[in-house]
Number of protein chains: 2
Amino acid sequence: MSTAEETAGGEPQPWGEVNPDAARRLLVAAVEAFAERGYHATTTRDIAGRAGMSPAALYIHYKTKEELLHRISRIGHEKALDVLRTAADSEGSPADRLAEAVRSFVRWHAGQHTVARVVQYELDALSPDARAEIVTLRRQNEAAVRGIIEDGVATGDFDVPDVKGTTIAVLSLCIDVARWFNAGGPRTPDQVGALYADLVLRMVGAKK
Amino acid sequence: MSTAEETAGGEPQPWGEVNPDAARRLLVAAVEAFAERGYHATTTRDIAGRAGMSPAALYIHYKTKEELLHRISRIGHEKALDVLRTAADSEGSPADRLAEAVRSFVRWHAGQHTVARVVQYELDALSPDARAEIVTLRRQNEAAVRGIIEDGVATGDFDVPDVKGTTIAVLSLCIDVARWFNAGGPRTPDQVGALYADLVLRMVGAKK
DNA sequence: GTCGAGGGTGAGCGAGCGCTTAGAGTGCCC
DNA sequence: GGGCACTCTAAGCGCTCGCTCACCCTCGAC
């Protein structure tokens, strides 16, 4: 996601890489609808309606309803992976890097929970080919987290009996934020990120 | 869930409380189908077919497709809650009780991951009334876990700065097992339960 | 002013959906 | 043996779905 994306900083202006304007409006509408009702319960008429267009207009920009989901899934996964990698590749101790990775990954899943919900829970509405592509991106998430944990174990900063299992648990914990997080609730994405970073450091037995 | 349920011990014989036989077969078929494809992508013809019956037979035992989901949801939630409460109300230190609660709750979500998936991810296919009923059961899950953590904090066995947030995280971690657990994978439900019990004790800073 | 290209619409197609209905088979009570 | 309740089926109704098609705007090039 290093491509041009927003003119002025911040997350509230995503999908900048989708052109033309009508295609982006349709995609944003689809994200909302899929997150609210699920892929299968969403109609193409609903998506077009939210974008202020007729049902037929959707098919000028996308071949099928599934192509919309595929596009959302790929872009969403790439963004999440980018967030994770930036933290994983930063300077600092394994504990710093793990805390930052969890903090930013959770912040993304909370702040962009509509996108995240679609990305995480509608995976098997995709065709086998498209799913395979997404699964590859997902494995890179896992590799990034496992890398940090292995580093910490190697330096003696972490105490982790089961690296693979703990990696799965950490990622699972972060991802599930998208399911329960409520934008109107008492916690901000930042606060959840901070709490989770602390919890994960405990999970890996990080030395103070 | 203290009603008669299995004649000989064990989990592989659930749904014993559903009668008559044809109604149970339909319900089991619905669980499989919903878990595989999701509620909205499952057709009543598919459910009836899996149960070896004609499409119309479904409507002799259930008023609507949604009633099937509602029944599955309620029974599933009640079972999970039962599992959790048994551990929460047992004898022993807060650490013992928390470990046992997580172990058995995770074991259930892994072993019964088809049911758990339906129960956890198809909630908002239900009508508002039915959803409200299920949400009540869910809050009792949270209360049970929070109770143990509060006990541990009170006795000084746990070190938890944010009890409510940590409760959410622990439950979220356990529930998400249903999403990623794969029966053909390398880990058994017991092994995942043991790993997660250890991780959760670390999260609450349990004294050794 | 004409024209072509591309973004848009209204109407509607074939298909599959949830669900209903009329009626057939089966077992039980008297 | 007749009547009844229960279970199940074949056929199909009405509807909405994803998607298509014939046509219409708008706008820049010349």
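Convention: sequence-line order gives letters A, B, ...; per-chain numbering from 1. As the structure is a computational prediction, the values presented were derived from the model and not from experiment.
Scanning DNA chain C 5' to 3' for nucleotides with an atom closer than 4.0 angstrom to a non-hydrogen atom of chain A gives a first and last hit of C:dG8 to C:dG12.
For residues 166-179 of chain B, the pairs satisfying side-chain hydrogen bond (donor to acceptor under 3.5 Å, both in side chains) are A:Ser172-B:Asp176, A:Asp176-B:Ser172, B:Tyr121-B:Asp176, B:Asp176-B:Arg179, with sequence neighbours left out.
B:His61 has no side-chain polar atom (N or O) that falls below the 4.0 Å cut-off from OP1 or OP2 of D:dC6.
Note: CD1 (B:Ile60) to C1' (D:dA10) measures 13 Å, nearest angstrom. Between A:Leu58 atom CG and D:dT20 atom C1' the separation is 13 Å, expressed in whole Å. Note: OH (B:Tyr62) to P (D:dC8) measures 12 Å, nearest angstrom. Here the P atom of nucleotide D:dT20 and the OH atom of A:Tyr59 are 7 Å apart, to the nearest Å.
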Sequence neighbours left out, cut at 3.5 Å: what donor-acceptor pairs do the side chains of residues 50-59 of chain B make with other protein atoms?
{"unit_1": "B:Arg50", "atom_1": "NE", "unit_2": "B:Asp46", "atom_2": "OD1", "d": "3.3"}
{"unit_1": "B:Arg50", "atom_1": "NH2", "unit_2": "B:Glu36", "atom_2": "OE1", "d": "3.0"}

### Task
Determine, stepwise, if the pair B:Arg187 / A:Asp162 fulfils side chain to side chain contact (heavy atoms under 4.5 Å, CB included).
CA-CA 12 Å; B:Arg187 292 162 197 273; A:Asp162 179 349; 2.9 Å; yes

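Among the candidates B:Glu133, B:Lys65, B:Arg131, the single residue satisfying the side chain to side chain contact (heavy atoms under 4.5 Å, CB included) test with B:His70 is B:Glu133.
Applying the side-chain hydrogen bond (donor to acceptor under 3.5 Å, both in side chains) criterion to B:Asp96, with sequence neighbours excluded, gives B:Ser93. With sequence neighbours left out, A:Arg117 forms a side-chain hydrogen bond (donor to acceptor under 3.5 Å, both in side chains) with no residue at all.
Between the B:Glu66 side chain and the B:Ser127 main chain, a donor and an acceptor come within less than 3.5 Å of each other. In this structure, B:Gln191 contributes its side chain and B:Thr188 its backbone to a donor-acceptor pair below 3.5 Å.
Annotation: proximity of residues 33-48 of chain B to DNA chain C (heavy atom, distance under 4.0 Å) is found for B:Thr42, B:Thr43, B:Thr44, B:Arg45, numbered in ascending order.
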